[in-house]
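Residues: numbered from 1 along the sequence shown. Please read these numbers as outputs of a predicted model, since none were measured by experiment.
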Amino acid sequence: MKLTKKLTLASKSQIRAQVLRGAGLDFEIAPSGVDEDVLKQAHKGDAAALAVALAEAKAQAVAAEGLVLGADQILVCDDVLYDKPKNMDEARRNLTRFRGRTHYLVGGAALLEGGTTIWTHQQSVALTMRDFSDSFLDAYLSAAGEAVLASVGAYQLEGLGAHLFEAIDGDYFSILGMPLLPLLEALRQHGGLAA
């Protein structure tokens with residue numbers, strides 16, 4: 001679908017870009033370079049507000065003509081917020097904590113035009129991991145490799161990570177970090193797509 005305004009994705013996430021391309025959108029990529037740790041430490045609100053604040057900060061950091069889209073996700077399990085694992089040992093520890101439990105991917109998205117926020121969206125998806133064995137976890141991490149470090153949950157649901165789960169309650173695109181259907185509606189409302 002042809003956009004009537006230039007769209008820039010303020011993210012280096014290959015999955016987010018893939019979701020947008022899959023919907024036929026033409027866009028440019030300009031990673032924001034925002035220091036998420038500083039924003040997370042300064043934030044006093046809940047996970048949903050933090051996800052939206054991070055998305056807005058990313059979009060704000062990218063000076064581009066037209067529309068700029070920022071997105072972010074926070075993983076919450078037992079009221080603890082998780083970041084992307086720094087190494088395979090941390091990925092293993094996190095997956096062990098999530099095993100047999102429900103965690104939440106809380107996502108935020110923001111669309112800016114001329115440096116002004118014209119749309120924000122937040123969503124939460126509940127994901128329940130099955131109570132897999134340690135040997136399964138070893139096999140999963142071996143097969144998935146360091147690709148798990150690119151995801152806050154140490155999994156890619158669209159790939160091998162699907163084997164970790166027993167139930168999901170929420171929007172698939174939001175799990176991938178891009179609330180596609182609300183975004184398409186926002187683009188239609190703000191002149192980016194034909195209605």
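- Taken together through direct or relayed side-chain contacts under 4.5 Å among Ile, Leu, Val, Met, Phe, Trp and Tyr, V34 and L69 form parts of separate hydrophobic clusters.
- In this structure, M129 is not a member of the same hydrophobic cluster as Y104, with clusters built from ILVMFWY side-chain heavy atoms closer than 4.5 Å.
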Exercise. Please walk me through it: do V148 and M88 pass side chain to side chain contact (heavy atoms under 4.5 Å, CB included)?
Worked result: CA-CA 8 Å; V148 300; M88 295 300 282; 3.8 Å; yes
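- Here the shortest heavy-atom pairing between K12 and P31 reads CB-CG, 3.8 Å.
- Checked by atom type and distance alone, the side chain of H121 never pairs as donor or acceptor with a backbone atom of A110 at under 3.5 Å.
- The distance from atom CD of Q14 to atom CG of L176, rounded to the nearest 0.5 Å, is 13.0 Å.
- Taken to the nearest 0.5 Å, the NE2 atom of H190 stands 12.0 Å off from the OG1 atom of T4.
- Note on L105 and M178: same hydrophobic cluster, where clusters join Ile, Leu, Val, Met, Phe, Trp and Tyr whose side-chain heavy atoms are under 4.5 Å apart, directly or indirectly.
- Annotation: the span from E113 atom CD to I118 atom CD1 amounts to 5.0 Å, rounded to 0.5 Å.
- Closest approach of S174 to Q123, counting heavy atoms only: OG-CG, 3.2 Å.
- We find the SG-OH distance between C77 and Y82 to be 5.5 Å, quoted to the nearest 0.5 Å.
- Side-chain contact between L187 and W119: absent, with no pair of heavy atoms (C-beta onward) separated by less than 4.5 Å.
- Residues meeting the side chain to side chain donor-acceptor pair (under 3.5 Å) test with T116, sequence neighbours left out: none.
- If you run side-chain contact (heavy atoms from CB on, under 4.5 Å) between V68 and each of V62, L9, L7, only V62 comes through.
- G70 approaches A59 most closely through the heavy-atom pair N-CB, 3.8 Å.
- Evaluation of the salt bridge (charged side-chain N to carboxylate O under 4.0 Å, His left out) rule for R188 yields E185 as partners, not counting sequence neighbours.
- Under the salt bridge (charged side-chain N to carboxylate O under 4.0 Å, His left out) criterion, R93 pairs with no residue, sequence neighbours left out.
- The side chain to side chain donor-acceptor pair (under 3.5 Å) test applied to Q18 returns no partner, not counting sequence neighbours.
- Under the rule for a side chain to side chain donor-acceptor pair (under 3.5 Å), the partners of T117 that lie at least two apart in sequence or sit in another chain are E56.
- The salt bridge (charged side-chain N to carboxylate O under 4.0 Å, His left out) check on D134 picks up R99, with sequence neighbours excluded.
- Two residues are said to be in side-chain contact when any heavy atoms from C-beta on lie closer than 4.5 Å; H43 and L54 fail this criterion.
- Across A17 and F27, no two heavy atoms sit closer than the pair O-CZ, 3.5 Å.
- No more than 12 heavy atoms of other residues, nucleotides or ligands lie within 6.0 Å of CD in E65, so this atom counts as exposed by the packing criterion.
- Inter-residue side-chain proximity for L81 and L75 is flagged as unmet; no heavy-atom pair is nearer than 4.5 Å.
- You'll find the side chain of L50 stays beyond 4.5 Å of the side chain of D72, heavy atoms only.
- For F173, there are no ring pair (Phe, Tyr, Trp, His ring centres under 6.0 Å) partners, not counting sequence neighbours.
- Among residues two or more places apart in sequence or in another chain, the ring pair (Phe, Tyr, Trp, His ring centres under 6.0 Å) test is passed with Y172 by none.
- Every residue meeting the side chain to side chain donor-acceptor pair (under 3.5 Å) condition with K40, not counting sequence neighbours, appears here in chain and number order: D83.
- Here the side chains of L137 and F132 are in contact, with some heavy-atom distance below 4.5 Å.
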Problem set entry | Verdict with reasoning, S11 to S13, per side chain to side chain donor-acceptor pair (under 3.5 Å) | CA-CA 5 Å; S11 173; S13 166; 4.5 Å; no
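- Other residues, nucleotides and ligands place no more than 12 heavy atoms under 6.0 Å from the CG atom of D26.
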Donor-acceptor pairs under 3.5 Å, side chain of residues 149-168 to any protein atom, not counting sequence neighbours: which ones?
| unit_1 | atom_1 | unit_2 | atom_2 | d |
| --- | --- | --- | --- | --- |
| S151 | OG | G153 | N | 3.3 |
| S151 | OG | Y155 | O | 2.7 |
| Y155 | OH | H103 | NE2 | 2.7 |
| Q156 | NE2 | A147 | O | 3.0 |

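- Counting only heavy atoms from C-beta outward, the side chains of D169 and L127 never approach each other to under 4.5 Å.
- Grouping the Ile, Leu, Val, Met, Phe, Trp and Tyr side chains by contacts below 4.5 angstrom, directly or via other members, places L67 with V19.
- Partners of D78 according to the salt bridge (charged side-chain N to carboxylate O under 4.0 Å, His left out) rule, which considers only residues two or more places apart in sequence or in another chain, are R101.
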Problem set entry | Audit row: K58, E36, salt bridge (charged side-chain N to carboxylate O under 4.0 Å, His left out) steps and yes/no | CA-CA 9 Å; K58 289 177 178 182; E36 293 182 31; 3.2 Å; yes
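- Residue L3 is not grouped with residue L112 when hydrophobic side chains (ILVMFWY) are merged at heavy-atom distances under 4.5 angstrom, including chains of intermediate members.
- Distance alone, capped at 3.5 Å, is enough to place a donor-acceptor pair between the Q73 side chain and the I175 backbone.
- Taking both residues in full, the closest heavy atoms of A55 and G108 are given as CB-O, 3.6 Å, listed atom of the first, atom of the second, then distance.
- Residues D138 and R92 are paired through a salt bridge, judged by an N-O separation under 4.0 Å between the basic side chain and the carboxylate.
- For the atom pair CG (L95) and CZ (F98), the distance works out to 6.5 Å, reported to the nearest 0.5 Å.
- Residue V38 is found outside any hydrophobic cluster, as its side-chain heavy atoms come under 4.5 Å of no other Ile, Leu, Val, Met, Phe, Trp or Tyr.
- Nearest approach of A51 to I74, heavy atoms of both residues: CB-CG1, 4.0 Å.
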